[in-house]
Asker: 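Structure provided below as structure tokens; questions to follow.
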Amino acid sequence: MNKPLRRIAIFCGVLIFALLARTNYLQYVKADELNTRDENRRVRIERYAHERGDIIVDGGKAVTGSKETEDSDFKYKRVWQDGPMWAPVTGYSSQAFGATQLESIEDGILTGNDDQLFFDRTMSMFTGDKKQGGNVVTTLNSAAQKAAFTGLGDKKGAVAALDPQTGAILALASTPSYDPSTFAGNSDKDSKAWQTLQKDKDKPMLNRALRETYPPGSTFKIVTAAAALENELYTDIDAKTNSPVPFRMPQTTQDLPNEGNIQCENVSLREALRISCNTVFGKISDDLGNQKMIDEADKFGFNKEVFTPVRADASVYPKDNPPQNAMAGIGQASNRATPLQMAMVASAVANDGKLMQPYMVAKRQSPSLDDIYTHEPEQLSQPLSGENAQKLQEMMKTVVESGTGSNAKIPGVTVGGKTGTAQHGLGNSENPYAWFVSYAKTDSGSPVAVAVVVEDSKATRDDISGGGLAAPIAKKVMQAVIDSKK
Amino acid sequence: MSVVTNTTTIGAIDAPSRRNTELMMMVFAIAISVFAYANVGLAIDGSLPSGMFGYGAGLILLGGVAHLVVRKFAPYADPLLLPLATLLNGLGLVLIWRLDQSPRLIQRAEYLYGSYSPDAPKQLLYSAIGVALFVAVLIVLKDHRILQRYTYISMVAALILLVIPMFFPAVNGAKIWISLGSFTIQPGEFAKILIAVFFSGYLMVKRDALALASRRFMGMYLPRGRDLGPIITIWALSILILVFETDLGTSLLFFGLFVVMLYVATERTSWIVFGLLMSAAGAVGVASFEPHVQERVNAWLEPFSKATMAQSDQIAQSLMSFGSGGTLGTGLGQGHSDLIMFAANADFILSTVGEELGLAGMMAVLLIYGLIVERGVRTALAARDPFGKLLAIGLSGAFAIQVFVVAGGVMGLIPLSGMTMPFLAYGGSSVLANWALIAILIRISDTARRPAPAPAPTSDAEMTQVVRP
């Protein structure tokens, strides 16, 4: 019986050998493929296995945190302080629904997986320290953010504030907002909170400061005025302009109306901006033509997405026919701008014509708090000469001192601004948007430029004006920045 | 009788007892297990586990008793079988204890049953009962040939064991459990040994008839119906029962057992061909009317397809466990093999080995199984009686097939068919049955290696020289 026994022994050997071959194949040859499969939860488990780094404002205050959960898979979840207020800055990071904005863009630093942290990771492997994420230090100013957020209150709208000298984003508010903490985990409760937010007609998760483009209305007249000065259509802001009332729009039989019964015939640029004459700026836009207007708008940052590093939608000054171009010159027709874009316009004027690249990440820190990246302010463009910028500053100052923007006056501080009440809806049927863009200026240059938009469908139509609704908010934001610099 | 029999590979006479080798290996096996236990505790809590002393003491006690009993009652037994089984049993306990600590599995148990109780203490109890059974077999069974007397009783007992689960409710789709209160038995594991005993007893008697009194049919030698009839009936019956109980793994095991033992008994290669043809027919037949089988085959072919994942992601999870282990593994207690959830510490315990001990650990564990099979086959070769030979090869063949079916299943080499990894997996029946199996192998190897009694001084020689006056 021994011959068949030996053969059975070989057979058993083949069985074991097949298993050995298979385990080699699985664990050596196929390991990478198996480990990178979408179905493999290990990647996500590892991701939430340790505390995430923080997003920091005011140069040292964390607005985020990590909380240990009951969940067996994902040990830590993200929590936010003043979630609704900071959500337009941080975005969200949810175990179930992914991440957006800074939480997503800076994910590598925050989780500690970024290549820049390779050295830290290697070191902690040897020292046996727990793996940790790095921090993202933002440029945000919590006083300004708070002023913006509480100023908007329960109205729908957005605020963007910049430091004109560096491009640092100081405030970025959007209302109605949401609390990212409510759906940071992956429980049924989180899922319900998420569903509710998705279904909300007011779109609380839309970042209106960066991702919503509005017709900029009269605030765009700053750009039109800059175009007029830069192209030397007019050089003296106090000289009479050649602008009739009514101004008939080119190639049409339609007149461009002024709001209310204001005196706009042949007024100076300064006066036209002060009382917001549509006829004067409509004519400027028409006189310069579509291409020159586009060129100037582009220099201010239009027609291009802005990366802060969070992406802001491109504002649009379109290629268009003459009548539309005339309308676009006063911020109507197909002209669209984000609040950030209008803040950039104000900041370029305030910074003597230099437009700085907007940014909100000042530093990235390793888990051991060493700086691994520091942002260097960078000039984006020069939309207007220093001389013309000062002329525009004069004009904007007049708007606040004795014009439509008087609600933004701050005692002891020079403030320049421009109101806007942008029509929207088919045939101007819906409530207009109230705009206000402004800057403050002290002895050491301009510390803040701000753009506010309020889209309040609840207010009665006549109550809506840039000066009435938006200017007080801009004032509070500017005041907060100036106070925090003292 | 000559000094060395040339039919065995092991010297039959004056073989050293090798008991001290066994003792050394036992110390090694237990030390490895205790070290692994400490390793899990350090990885999970950062401190030495509190149960370490109890676990170590328990293992030393079990191993010590088993070793002493072998020393006393089977002094010439193979020295490797006991340490290998102890090592696997000890490692199994560590792995089960490690999975007990998984918050994921605890949460699942609390969600499903409202409470959670760890499995490792129960497994330690089963191991103790298993070793007790091992001791009992060695003490009671002085000679394995006694089992020959129980050929037909074994058969009846096996059939009864296989039929009983039909009257109990199905657990997770398979009717292979008998539940007595909180105690559940999987009789298939014991039936495996009984069937091997029956096949050995029957084939030993009928092997000549089967091998020689056959008719030629299509170039193959087929035995007469009256010789083959009973065995084929019992075999077919057990397969049918198992198919109806949807215990595919065990039916495959019984089939393999049948072919292997028939082949060894008759020494006819044609039986292998015959057996493979039958298995092919059987597989196609079963697959055509059993949706359970079709699901398993589909899950094996496409473990990551949507349909499979919706049914059960166990295979996919198991494969990813192996993948994530890589070459060296994540280390004990540091993997996520508990993502397999259901049966992670039973059918799928090998995935935990794969993930936490890596390719290196998997090769080691598979080689340990390979060594047990190899020692079993050696025992069969060394055995001097055909019954012992058949029983030893039957048991070790069954062991090898079981390892292949389970490991192949969880590694996606063959369709999954639900059995447990001997010694490693959680389960009372499995541990008990496999300790009994090892005891029988040890008994056969003891008999085989035992020195023949010195020829008694007889007066025969003188007698033949008597010259009658």
Side-chain angles (χ1 to χ4, degrees), chain A residues 1-50 68-76 95 125 127-131 185-188, chain B residues 7-9 102-108 207 260 263-269 304 309 313 316-317 319-327 329 335-336 338-339 354 358-359 362-363 366-367 369-370 373-374 376-378 380-381 386 389-390 393 396-397 399-401 403-404 407-408 411-413:
Chain A
M1 281 203 276
N2 282 349
K3 199 172 126 197
L5 276 180
R6 289 199 170 88
R7 288 202 179 139
I8 295 295
I10 291 169
F11 169 69
C12 292
V14 167
L15 290 186
I16 299 290
F17 180 79
L19 292 178
L20 286 173
R22 177 69 182 180
T23 189
N24 271 280
Y25 172 72
L26 271 186
Q27 306 199 263
Y28 186 75
V29 181
K30 288 264 277 189
D32 281 345
E33 192 202 312
L34 288 167
N35 285 334
T36 48
R37 288 201 77 96
D38 292 342
E39 296 92 343
N40 204 332
R41 280 165 73 80
R42 285 172 184 78
V43 181
R44 289 178 60 215
I45 289 171
E46 164 56 26
R47 186 191 164 85
Y48 296 108
H50 52 86
E68 210 161 328
T69 63
E70 301 284 296
D71 194 285
S72 57
D73 272 11
F74 306 139
K75 199 168 165 212
Y76 289 101
Q95 290 172 351
M125 215 166 78
T127 55
D129 287 343
K130 228 168 62 176
K131 191 179 162 188
N186 65 349
S187 67
D188 289 349
Chain B
T7 53
T8 68
T9 53
S102 151
R104 218 167 271 139
L105 295 178
I106 294 174
Q107 220 171 44
R108 177 181 187 271
R207 55 189 289 250
V260 163
Y263 171 62
V264 172
T266 59
E267 303 190 32
R268 290 269 167 124
T269 318
F304 289 102
M309 295 292 274
D313 65 346
Q317 288 292 0
L319 291 179
M320 289 188 286
S321 266
F322 281 106
S324 121
T327 315
H336 295 293
D338 47 354
L339 284 170
L359 177 56
M362 273 300 289
M363 305 250 283
L366 289 174
L367 286 176
Y369 280 114
V373 174
E374 190 258 357
V377 175
R378 272 174 84 94
L381 283 168
K389 271 185 188 302
L390 279 170
I393 196 68
S396 30
F399 194 87
I401 292 168
V403 167
F404 178 76
M411 288 197 282
L413 183 61

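Values reported hereafter were calculated over all heavy atoms of this structure, with side chains retained and with hydrogens, waters and symmetry mates removed. Reminder, nothing fancy here: chain letters follow the sequence lines and each chain counts from 1.
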Asker: If we define contacts as heavy-atom pairs under 4.5 Å, which of B/Leu339, B/Thr327, B/Asp338 has the most with chain A?
Answerer: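 Ranked by contacts with chain A, first place is B/Leu339.
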
Asker: Go through the atoms of A/Ala18 and report whether side chain, backbone, both or neither lie under 4.5 Å from a heavy atom of chain B.
Answerer: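 Interface part for A/Ala18: both.
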
Asker: Determine the minimum heavy-atom distance between A/Cys12 and B/Val373, stating which atoms define it.
Answerer: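 Scanning both residues, the minimum pair turns out to be CB-CG1, 3.6 Å.
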
Asker: Please test A/Arg42 against B/Met320 for side-chain contact (heavy atoms from CB on, under 4.5 Å), starting from the C-alpha separation and ending with a verdict.
Answerer: CA-CA 9 Å; A/Arg42 285 172 184 78; B/Met320 289 188 286; 3.7 Å; yes

Asker: Please find the pair of heavy atoms, one from B/Leu319 and one from A/Leu34, that lie closest to each other, and give the distance.
Answerer: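 Heavy atoms only, the tightest pair is O-CD1, 3.3 Å.
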
Asker: Please check: side-chain N/O of A/Arg22 versus main-chain N/O of B/Met411, any donor-acceptor pairing under 3.5 Å?
Answerer: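 It does hold such a pair.
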
Asker: To the nearest 0.5 Å, what is the distance between CG (A/Asp38) and CZ (B/Phe304)?
Answerer: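 Atom-to-atom, A/Asp38:CG and B/Phe304:CZ are 10.5 Å apart.
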
Asker: State, to 0.1 Å, how close B/Met309 and A/Glu39 come at their nearest heavy-atom pair, and which atoms those are.
Answerer: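 Minimum heavy-atom contact is CE-CG, 3.4 Å.
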
Asker: Determine whether B/Met362 and A/Gln27 make a side-chain contact, defined as any pair of heavy atoms from C-beta on separated by less than 4.5 Å.
Answerer: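 Sidechains of A/Gln27 and B/Met362: in contact.
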
Asker: Let me confirm one number: the CD1-CG distance from B/Ile401 to A/Leu15, rounded to the nearest 0.5 Å.
Answerer: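 Answer for the CD1-CG pair, B/Ile401 versus A/Leu15, is 7.0 Å.
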
Asker: Kindly compute the distance separating CG (A/Leu5) from CZ (B/Arg378), expressed to the nearest 0.5 Å.
Answerer: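 Rounded to the nearest 0.5 Å, the CG-CZ separation comes to 13.0 Å.
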
Asker: Is chain B contacted by the side chain of A/Ile16, its backbone, both, or neither, given a heavy-atom distance below 4.5 Å?
Answerer: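 The answer is the side chain of A/Ile16.
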
Asker: Considering non-hydrogen atoms only, spot the tightest contact between B/Val377 and A/Ala9 and give its length.
Answerer: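 Scanning both residues completely, I find the closest heavy atoms to be CG1-CB, 3.4 Å.
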
Asker: Would you compute the distance between atom CG of A/Asn40 and atom OG of B/Ser321 and round it to the nearest 0.5 angstrom?
Answerer: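 Answer for the CG-OG pair, A/Asn40 versus B/Ser321, is 8.5 Å.
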
Asker: In terms of heavy-atom pairs under 4.5 Å, which option from B/Gly335, B/Pro386, B/Ser396 contacts chain A the most?
Answerer: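 Result: the option with the highest number of such pairs is B/Pro386.
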
Asker: More than 12 heavy atoms of other residues, nucleotides or ligands under 6.0 Å from OH of A/Tyr25: is that the case?
Answerer: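 Open: at most 12 neighbouring heavy atoms sit under 6.0 Å from OH of A/Tyr25.
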
Asker: Are side-chain heavy atoms of B/Leu413 and A/Leu19 found at a separation under 4.5 Å?
Answerer: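 In contact.
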
Asker: Which one, B/Gly397, B/Gly408, B/Ala316, B/Gly354, leads in non-hydrogen pairs under 4.5 Å with chain A?
Answerer: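 It is B/Gly354.
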
Asker: Heavy atoms only: give me the nearest B/Gly323-A/Asn35 pair and the separation to one decimal.
Answerer: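 Closest heavy-atom pair between B/Gly323 and A/Asn35: O-ND2, 3.3 Å.
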
Asker: Let's test your reading of the structure: which of B/Gly358, B/Ala265, B/Gly376 forms the most heavy-atom pairs below 4.5 Å with chain A?
Answerer: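 The option with the most such pairs is B/Gly358.
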
Asker: I'd like to check B/Leu367 versus A/Leu20 (side-chain heavy atoms, cut-off strictly below 4.5 Å). Are they in contact?
Answerer: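 With C-beta onward as the side chain, the pair touches.
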
Asker: Which of the residues B/Ala400, B/Gly325, B/Gly412, B/Ala407 is involved in the greatest number of heavy-atom pairs with chain A at under 4.5 angstrom?
Answerer: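 Of the candidates given, the most pairs with chain A belong to B/Gly412.
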
Asker: Most heavy-atom pairs under 4.5 angstrom with chain B, which of A/Lys30, A/Arg7, A/Arg41?
Answerer: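 Most pairs with chain B among the choices: A/Arg7.
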
